[in-house]
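Side chains are part of it too, since the values below use all heavy atoms of this structure and drop only hydrogens, waters and symmetry mates.
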Protein chains: 2
Amino acid sequence: MRNPKLHCPLTYAVKAISGKWKLYILSMLSDGQPKRYGELKKTGENLTEKVLTSQLRELEQDGIICRKVYPEVPPRVEYMLTESGRKLCAIFEPLYEWGVDYMKDNKPEKLYLLKMDRQELV
Amino acid sequence: MRNPKLHCPLTYAVKAISGKWKLYILSMLSDGQPKRYGELKKTGENLTEKVLTSQLRELEQDGIICRKVYPEVPPRVEYMLTESGRKLCAIFEPLYEWGVDYMKDNKPEKLYLLKMDRQELV
DNA sequence: CAGCATCCCAGACGATACTG
DNA sequence: CAGTATCGTCTGGGATGCTG
């Protein structure tokens, strides 16, 4: 390894956000308002409960979001960004900008990726 | 979607660097010196030819690296970052910093991830 | 409402052998 | 040297149904 900047923490960071629905979840939570499980599920088209739960658990274990259970009936569970999660979301801006350029340069053949937009980030 | 910052280009960007050996390759190329196929293979422990080739092809199609073939015998092929690739690597710094904090907060149970370090980023 | 339990599959990744 | 070609494996994600 020549460039220490690219050492393990970067791999960790990328893995932490690499789940198929994680950016969707982070986008939902990025307004700072806690969201209920049902809300996340409702607006996530084609997102199944098993997958939503697994993505939430992973984000929680990675300290990016936190889960708050209200002892009520019917049950209520809310998810929100942690401090670490807020920092992470702030970092996304330059990466987003890079993505804009990246898409600009892409040929029409690659637009098959667009199906992901509808699915993940309506 | 509430936060447009998290729209599709970010998903694209994350997908572009999500291959298992892509950060390794980018780290190797980030010193600006072109690298030969054999060099990339040699220092990448457990990295097979098929996988190395596939990762290189994907990075190339995404405009992050470029491939230069020298018409010689024996054959010589060099890979180097494109302008877009250099921009991308520059963006990694804050993400790397976030990863450092992220690792600091992690409990020992999670150190199983360390096997990835040896494997990917020696 | 917020989930867990099962079963299943495509695609990423790896091992091995071969080649212009 | 810089790859292809095959085959096998493993797991992230999906479909469906059930529950405290």
Nearest whole angstrom, please: distance from the P of D/dG13 to the CG of A/Leu23.
12 Å
Rounded to whole Å, please give me the gap between OH in A/Tyr24 and C1' in D/dG13.
16 Å
Hey, what do you get for CG (B/Leu56) to CD1 (B/Ile25), rounding to the nearest 0.5 Å?
4.0 Å
Is there a side-chain contact between B/Arg76 and B/Arg36 (heavy atoms, below 4.5 Å)?
yes
What is the distance from atom SG of B/Cys89 to atom OH of B/Tyr96, rounded to the nearest 0.5 Å?
14.5 Å
Enter the distance from B/Leu59:CG to B/Tyr79:OH here, rounded to the nearest 0.5 Å.
10.5 Å
Whole angstrom is fine here: how far is it from NZ in B/Lys15 over to P in C/dG11?
11 Å
Respond yes when some side-chain nitrogen or oxygen of B/Trp21 is under 4.0 Å from OP1 or OP2 of C/dG14, and no when none is.
yes
Could you state the CD-P distance from B/Glu58 to C/dG11, rounded to the nearest angstrom?
13 Å
Closer than 4.0 Å, any side-chain N/O of B/Gln55 to the OP1 or OP2 of C/dC13?
yes
Provide the closest heavy-atom pair for A/Thr11 versus B/Leu23 in the form atom of the first, atom of the second, distance.
CA-CD1, 3.8 Å
Could you tell me how far apart A/Glu45 (CD) and D/dG13 (P) are, to the nearest whole angstrom?
18 Å
Looking at B/Lys22 and B/Glu58, is there a salt bridge between them, counting it only when a charged N and a carboxylate O are closer than 4.0 Å?
yes
To the nearest angstrom, the NZ-P distance between A/Lys41 and D/dA15 comes to 11 Å
Here the distance between atom P of C/dA2 and atom NZ of A/Lys68, to the nearest Å, is 15 Å
Reading nucleotides 1-7 of chain D from 5' to 3' and marking B where a protein heavy atom lies under 4.0 Å of the base, S where only the sugar-phosphate is that close, and - otherwise, the string is BSBB-B-
B/Lys20 NZ to D/dG12 P, straight-line distance once rounded to whole Å:
11 Å
For the OG1 atom of A/Thr82 and the CZ atom of A/Arg67, what is their distance to the nearest 0.5 Å?
15.5 Å
Just how far is it from atom CZ of B/Arg86 to atom CD1 of B/Ile91, taken to the nearest 0.5 Å?
13.5 Å
Between its two end axes (five pairs each) the helix from C/dC1-D/dG20 to C/dG20-D/dC1 turns, nearest 10 degrees, through 60°
Over all heavy atoms of both residues, which pair between A/Tyr24 and A/Gly44 is shortest? Give the atoms and the distance, please.
OH-N, 3.0 Å
